[in-house]
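Let me begin by presenting the structure, written as structure tokens, before commenting on it.
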There are 2 protein chains.
Amino acid sequence: MKPKLNDVAKLAGVSATTVSRVINNHGYLSQKTKDKVFEAMRELHYQPNNMARSLQGKKTRLIGVIFSDISHPFFGELVSRIEKLLFAQNYKVILCNSADDPQKEREYLQMLMANQVDGIIAGAHNLGIEEYQQYGLPIISFDRYLSDNVPIVSSDNQQGGRLATQALHQAGAQKIAIFTGKNHAGSPTNGRREGYEAYLKTAQLTPHFHEIPFEWSPALKMMTIKKILVANDYDGVFCSDDLTALLTINVAKQLQLSVPDDLKVVGYDGTALIRNYHPDLTTIEQPLADISELLVSLLLQRIADAECDLEPMYQLPVKLVKGITA
Amino acid sequence: MKPKLNDVAKLAGVSATTVSRVINNHGYLSQKTKDKVFEAMRELHYQPNNMARSLQGKKTRLIGVIFSDISHPFFGELVSRIEKLLFAQNYKVILCNSADDPQKEREYLQMLMANQVDGIIAGAHNLGIEEYQQYGLPIISFDRYLSDNVPIVSSDNQQGGRLATQALHQAGAQKIAIFTGKNHAGSPTNGRREGYEAYLKTAQLTPHFHEIPFEWSPALKMMTIKKILVANDYDGVFCSDDLTALLTINVAKQLQLSVPDDLKVVGYDGTALIRNYHPDLTTIEQPLADISELLVSLLLQRIADAECDLEPMYQLPVKLVKGITA
DNA sequence: AGTGTTATGTCAAACGTTCGTCATTTTTAT
DNA sequence: ATAAAAATGACGAACGTTTGACATAACACT
């Protein structure tokens, strides 16, 4: 059997109360007793039962982290950073891959409630507003509007869209398309599209929109991209994520189009993976370190004080990372 | 305040005992009462408090999943699959990025114990054996020896090493190097190295070993690779992971070496990311779907019956995925 | 010796469930 | 009508910990 508080007490030759006091650093304690107790805890490999503690009203120090899928490099990197920051603050992460499925997201939410998490960081894309309101829990959202009292952390998607389009234009492109995911309300790609449109307007160029649903398989995406490139004579494409940009480049190669000579390409996200392994790709870098720090720090503020008022929206600056594809 | 079992009981007009019986489907229950209770639960958005339940000896249905870093695409994909499989069985994942740091790994282990997890899936690389034994908990390991009673799931690294080397050789390479991580005992890359060596022996070729520590930054790795390629006239390189293979290809490009004409390259892992976005790369594909299913299924068996005996080692077959780099 | 501070102990209630025991009521089958 | 089966209820102990109330002991300082 696992050792309990009482076993520690016996071994240390003190009362259970004293052990609890030592653990919680509560009331008067002599150094000698503390030492004895810690020693006994070590000897028995005692770990206080968190279930019992949080039944007592203590925090669980569990945080739910919901993203569509951490096998996507962007979310993988983001969640990895979030987990590290939280662990450093003695919080644990319950991982939720919502797969952009509203039903799964709902189940996750219920599960997280049942597990008494202290808070949630959500970057999922599907649920209606109400569902997030009914749980009176600290929540911070990444890049997505959930509800009025849920602060959003995001990067400046419009600015990113402008920068990307500008890069294409300044590299000489004149007929510039944008490839985005489906544009449901609240989706982050909307901002990118707006920035694209805004820049083209000032440059007096015509926008060309193409939707390539995020959840499609890469093979299907490639087919679609091929059709699009064949049917049009674009000389520049702004892809609203880096992976699509890689596909576009692959398709261009298949079509014997030289990048950047015949076709210029700019991606979006700029994860470490892309910067390290595809330095050629010109892309818009989201400040992942800042984003994760802000998400965590806001959440911890909300946990410490549920009433503390936070901005409804924190928008972090993005930057262009020049490769050679535009 | 969150609704409790008693609130449900009141609303449904039954006793607390009955509500508990309904939740646990225990004893005689009429359909009518069940309906009433479920209705009340729904109305109140009631979620049983898992802390209280597991204090009662119920399972927590929490699983600790320890890998070095999910921002690495291989681990990201593996952990994503594991999480999905576990969630489908109503288990939740506590995510642990050990960063290959023994101290962090130790802290994670203690934290998981404190949180009463039902089991652990570990793919980390650092801890001594003893530490995993002292907790009498179901554990399954990925690709790494932890302790005699911890089953290992891995792919056939030796076979992978042989296949990779064979591919290089059959593509015409004669002077074939291997780039691996540091070879501490129990590391999966050892098997790959052995396969490499074994194949070269039968082909009567000389092995050339180079260590490129896994934890180095990509920039540092590239520098090292460049030095190695400049100092030797290899015409084939087997990289023990795909990302290093990408770096090697990038370096080759810098050195004006044509791949595969001047230099053939084979990677290792074959994640969906690589297959989708780098179909050119010849690589050894680890069967991630089978691996994750096996990891989860073995763990659940051990949880269901701590005494059930499992093989000490499950080795799944790998396969060569032909690209054009070898 | 007296006072105040610091250190420890005993005891018990509380957290939200589960589950066994026992009792009672309702339903069903004969 | 009667017995057996099915359905519910009331009650309370237990899970491992925290915490407050209260008591008492040890110690330092005048």
Side-chain angles (χ1 to χ4, degrees), chain A residues 1-41 44-62 110-118 135, chain B residues 1-41 44-62 110-118 135:
Chain A
M1 241 351 254
K2 266 184 211 161
K4 320 206 165 140
L5 189 134
N6 249 315
D7 304 322
V8 177
K10 264 181 221 147
L11 182 61
V14 299
S15 74
T17 305
T18 303
V19 176
S20 175
R21 281 179 184 143
V22 170
I23 292 173
N24 297 285
N25 200 22
H26 185 268
Y28 293 119
L29 269 334
S30 73
Q31 194 54 47
K32 219 177 63 186
T33 328
K34 283 192 205 168
D35 291 344
K36 267 192 308 186
V37 171
F38 282 129
E39 173 53 25
M41 287 171 56
L44 295 174
H45 296 114
Y46 171 76
Q47 286 291 130
N49 181 328
N50 269 350
M51 304 292 147
R53 305 186 82 185
S54 59
L55 240 204
Q56 268 303 319
K58 290 257 173 200
K59 298 282 174 199
T60 57
R61 304 194 82 83
L62 287 169
Q110 284 164 7
M111 178 273 275
L112 292 175
M113 297 310 294
N115 283 279
Q116 316 292 119
V117 296
D118 292 343
Y135 311 100
Chain B
M1 243 347 256
K2 266 184 209 159
K4 322 212 161 133
L5 188 135
N6 250 316
D7 303 322
V8 177
K10 263 181 223 150
L11 182 61
V14 299
S15 73
T17 306
T18 302
V19 176
S20 175
R21 281 179 183 142
V22 170
I23 292 174
N24 298 285
N25 199 24
H26 184 268
Y28 295 119
L29 268 335
S30 74
Q31 194 54 49
K32 220 177 62 187
T33 327
K34 283 192 207 170
D35 291 345
K36 267 193 308 187
V37 171
F38 282 129
E39 173 54 25
M41 285 172 55
L44 295 174
H45 297 114
Y46 170 76
Q47 287 291 130
N49 181 327
N50 271 349
M51 303 292 146
R53 304 186 83 183
S54 56
L55 239 204
Q56 268 303 318
K58 290 255 175 203
K59 299 280 172 204
T60 57
R61 303 194 83 83
L62 286 170
Q110 285 165 7
M111 177 273 275
L112 292 175
M113 296 310 295
N115 282 281
Q116 316 293 118
V117 296
D118 292 343
Y135 312 99

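We name chains A, B, ... by the order of the sequence lines, and we start the count at 1 in each one.
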Item to check | Of residues 23-32 of chain B, the positions that come close to DNA chain D - non-hydrogen atoms, cut-off under 4.0 Å | outcome: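 Within residues 23-32 of chain B, the residues near DNA chain D are B/Y28, B/L29, B/S30.
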Checklist entry - Passes side-chain contact (heavy atoms from CB on, under 4.5 Å), A/T33 versus A/R21? Steps please. => result CA-CA 10 Å; A/T33 328; A/R21 281 179 184 143; over 6 Å; no
Nearest-Å distance for atom pair [atom1]/[atom2], residues [X] and [N]:
{"X": "B/N115", "N": "D/dG16", "atom1": "CG", "atom2": "C1'", "result": "14 Å"}
{"X": "B/M51", "N": "C/dT17", "atom1": "CE", "atom2": "P", "result": "12 Å"}
{"X": "B/K4", "N": "C/dT18", "atom1": "NZ", "atom2": "C1'", "result": "17 Å"}

Next on the checklist: The side chain of B/R53 is closest to which nucleotide in this list: D/dG16, C/dT18, D/dT17?
Outcome noted: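 The answer is C/dT18.
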Item to check | Side chain of A/S20 - closest among C/dC15, D/dT19, C/dT17 | outcome: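 Of all the options, the side chain of A/S20 is nearest to D/dT19.
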Checklist entry - After noting the C-alpha distance and the side-chain angles of A/K2 and A/N49, does the key distance pass the side chain to side chain donor-acceptor pair (under 3.5 Å) rule? => result CA-CA 10 Å; A/K2 266 184 211 161; A/N49 181 328; over 6 Å; no
Can you name the atoms? Protein N/O to nucleotides 9-11 of chain D N/O, anything below 3.5 Å, with the distance.
unit_1: D/dG9; atom_1: OP1; unit_2: B/S15; atom_2: N; d: 3.3
unit_1: D/dG9; atom_1: OP2; unit_2: B/S15; atom_2: N; d: 2.9
unit_1: D/dG9; atom_1: OP2; unit_2: B/S15; atom_2: OG; d: 3.2
unit_1: D/dG9; atom_1: OP2; unit_2: B/T18; atom_2: OG1; d: 2.2
unit_1: D/dG9; atom_1: N7; unit_2: B/R21; atom_2: NH1; d: 3.2
unit_1: D/dG9; atom_1: O6; unit_2: B/R21; atom_2: NH2; d: 3.2
unit_1: D/dC11; atom_1: N4; unit_2: B/T17; atom_2: OG1; d: 3.0

Checklist entry - Which pairs count as salt bridge (Lys or Arg N to Asp or Glu O under 4.0 Å) when at least one residue sits in residues 4-20 of chain A, sequence neighbours excluded? => result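 Residue pairs passing salt bridge (Lys or Arg N to Asp or Glu O under 4.0 Å), neighbours aside: none found.
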Checklist entry - With respect to the phosphate group of C/dT17, does any side-chain polar atom (N or O) of B/Y46 fall under 4.0 Å of OP1 or OP2? => result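 Yes, B/Y46 has a side-chain N/O under 4.0 Å of OP1/OP2 on C/dT17.
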Checklist entry - Would one find a side-chain N or O of B/K58 under 4.0 angstrom from OP1 or OP2 of C/dC19? => result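 Checking C/dC19 against B/K58, a side-chain N or O does come within under 4.0 Å of OP1 or OP2.
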